[in-house]
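One structure is given here, and the rest of the page talks about it.
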Amino acid sequence: MAGTNSERELLTEGPAIILAYPQLGENIGMVARAMANFGLSELRLVNPRDGWPSEKARSAASRADHVIDGAKLYGSLEQAIADLNFVYATTARDRDGYKPVRSPIIAARTLRQRFKSGEAVGIIFGRERTGLTNEEVALADEIVTFPVNPAFASLNLAQAVLLMSYEWMKTGMESEEETSFQAIPQRPATKEHLQGLFEHLEDALEARNYFRSADKKPKLVENLRAVLTRPSFTESEIQVLRGVISSLDRFTRENPRGSGAPAGRNRKVQGGGDNE
């Protein structure tokens, strides 16, 4: 989904994302993209297998260059989290019950609360193939796990980071219904606009003998108006519909628009758009 806009505020705060022994540069790049999508920017890499820096990572990041350029390299997981106050370890596997296990929602809320109070926080993600070892999980304060299909619980690295980044982003919103942009306001159609649409359509249908039986016409008109009054039309929507009716009224399959107005069909219909 396209949406990059250099003129809008770039969010760059939140927990550090720590990738423990990642393998492919492409995966690191997709992680950076997921982070940038939801306002995270601090990426820490523990001994990436294919080395660093990585052009494959930059390419896969899809212009999340600020995340790639700011990535920090560490020789061990202990070093990568040494300056943090609170850390989550992500895992989809059952572990011994010696650490609290949280859902992504609760984990994100906890991270937000601690971050706002001035703590340095982070989330550890393991290797693409095997995840984190028990010893690595033991370095974290708590575990976060995702509600996934128990028979198919494996997430790729970028998916896991994206899920946690999304939950982090939501905790900073005023409400869960908030969106980053709204539809352009439209002026509601007046009853005069709607009446004009009725008359326009009924006139076009009458000319084509749609109301074939005079005794049935009132009921057909009633049904037609009931259908058209169900939605709340805007002025622009009424104009679109009347333009369609005008086009059908003026042109046929044998004489389409662009071939010149057929004889006897060159009258201008109100609200009917361009005339030819």
Practice problem: Please assess K191 against Q195 for the test side-chain contact (heavy atoms from CB on, under 4.5 Å), listing each intermediate value before the final yes or no. | Solution: CA-CA 6 Å; K191 298 306 179 187; Q195 185 63 35; over 6 Å; no
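- Side-chain N or O atoms of E136 include none that pairs as donor or acceptor with a backbone N or O of G126 at under 3.5 Å.
- The nearest pair of heavy atoms linking P100 to D141 is CD-O, 4.0 Å.
- Counting heavy atoms from C-beta outward, R58 and D69 have side chains that approach closer than 4.5 Å.
- Rounding to the nearest 0.5 Å gives a distance of 11.0 Å between NE2 of H193 and CG of L197.
- L73 and L19 fall within the same hydrophobic cluster, where Ile, Leu, Val, Met, Phe, Trp and Tyr residues are linked whenever their side-chain heavy atoms come under 4.5 Å apart, directly or through other members.
- Counting heavy atoms from C-beta outward, P22 and I28 have side chains that approach closer than 4.5 Å.
- Residues satisfying the side chain to side chain donor-acceptor pair (under 3.5 Å) test with D215, not counting sequence neighbours, are S213.
- Side-chain heavy atoms closer than 4.5 Å link hydrophobic residues (I, L, V, M, F, W, Y) into clusters, and following such links, even through other members, never connects I106 to V121.
- With a 4.5 Å cut-off on side-chain heavy atoms, R109 and Q113 do not count as touching.
- Sequence neighbours left out, the pairs with a member in residues 107-136 that pass ring-ring contact (aromatic ring centres under 6.0 Å, His included) are F115-W168.
- Under the 4.5 Å side-chain criterion, counting only non-hydrogen atoms from C-beta, L43 is in contact with M35.
- For residues 17-26, there are no salt bridge (Lys or Arg N to Asp or Glu O under 4.0 Å) pairs, not counting sequence neighbours.
- Residues G122 and L111 share a closest heavy-atom pair of O-CD2, 4.2 Å.
- Considering every non-hydrogen atom in both A64 and A32, the closest pair reads CB-O, 3.7 Å.
- Note: the hydrophobic cluster containing F198 also contains L241 (ILVMFWY, side chain heavy atoms under 4.5 Å, direct or indirect links).
- With sequence neighbours excluded, the residues forming a side chain to side chain contact (heavy atoms under 4.5 Å, CB included) with L224 are L201, E202, L205, L228, listed by chain and number.
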Could you give the side-chain donor-acceptor pairs of residues 47-56 under 3.5 Å, partners two or more places apart or in another chain?
from	atom 1	to	atom 2	distance (Å)
N47	ND2	G75	O	2.9
S54	OG	K56	N	3.3
S54	OG	A57	N	3.1

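- Nearest heavy-atom pair, S246 versus H200, reported as atom, atom and distance to 0.1 Å: OG-CE1, 3.1 Å.
- A distance of 11.5 Å separates CG in L162 from CE in M30, rounded to the nearest 0.5 Å.
- Within a 6.0 Å radius of OH in Y166, no more than 12 heavy atoms belonging to other residues, nucleotides or ligands are found.
- Atom CG of N156 and atom CD of E128 lie 8.5 Å apart (nearest 0.5 Å).
- Taking both residues in full, the closest heavy atoms of G14 and L40 are given as CA-CD2, 3.9 Å, listed atom of the first, atom of the second, then distance.
- Between atom CZ of residue R242 and atom CD of residue E237 there is a gap of 15.0 Å, rounded to the nearest 0.5 Å.
- Between Y88 and T110, the closest side-chain pair of non-hydrogen atoms falls below 4.5 Å.
- Taking both residues in full, the closest heavy atoms of L132 and R127 are given as CA-NH1, 4.2 Å, listed atom of the first, atom of the second, then distance.
- Cluster membership for F146 and I17, using ILVMFWY side-chain heavy atoms within less than 4.5 angstrom, is shared.
- Counting non-hydrogen atoms of neighbouring residues, nucleotides and ligands closer than 6.0 angstrom, the CD atom of E235 exceeds 12 such neighbours.
- Side chain of T90 to backbone of V144: no donor-acceptor contact under 3.5 angstrom is found.
- Between atom CG of residue L139 and atom CG of residue L77 there is a gap of 5.0 Å, rounded to the nearest 0.5 Å.
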Practice problem: List the steps, then state whether side-chain contact (heavy atoms from CB on, under 4.5 Å) holds for E142 with F86. | Solution: CA-CA 9 Å; E142 295 183 357; F86 186 88; 3.8 Å; yes
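- Taking 4.0 Å as the cut-off between side-chain N and carboxylate O, D83 and R44 count as a salt-bridged pair.
- Every side chain to side chain donor-acceptor pair (under 3.5 Å) that S236 has, sequence neighbours left out, goes to Q186, T234.
- The line from CZ of F38 to CE of M169 is 7.5 Å long, rounded to the nearest 0.5 Å.
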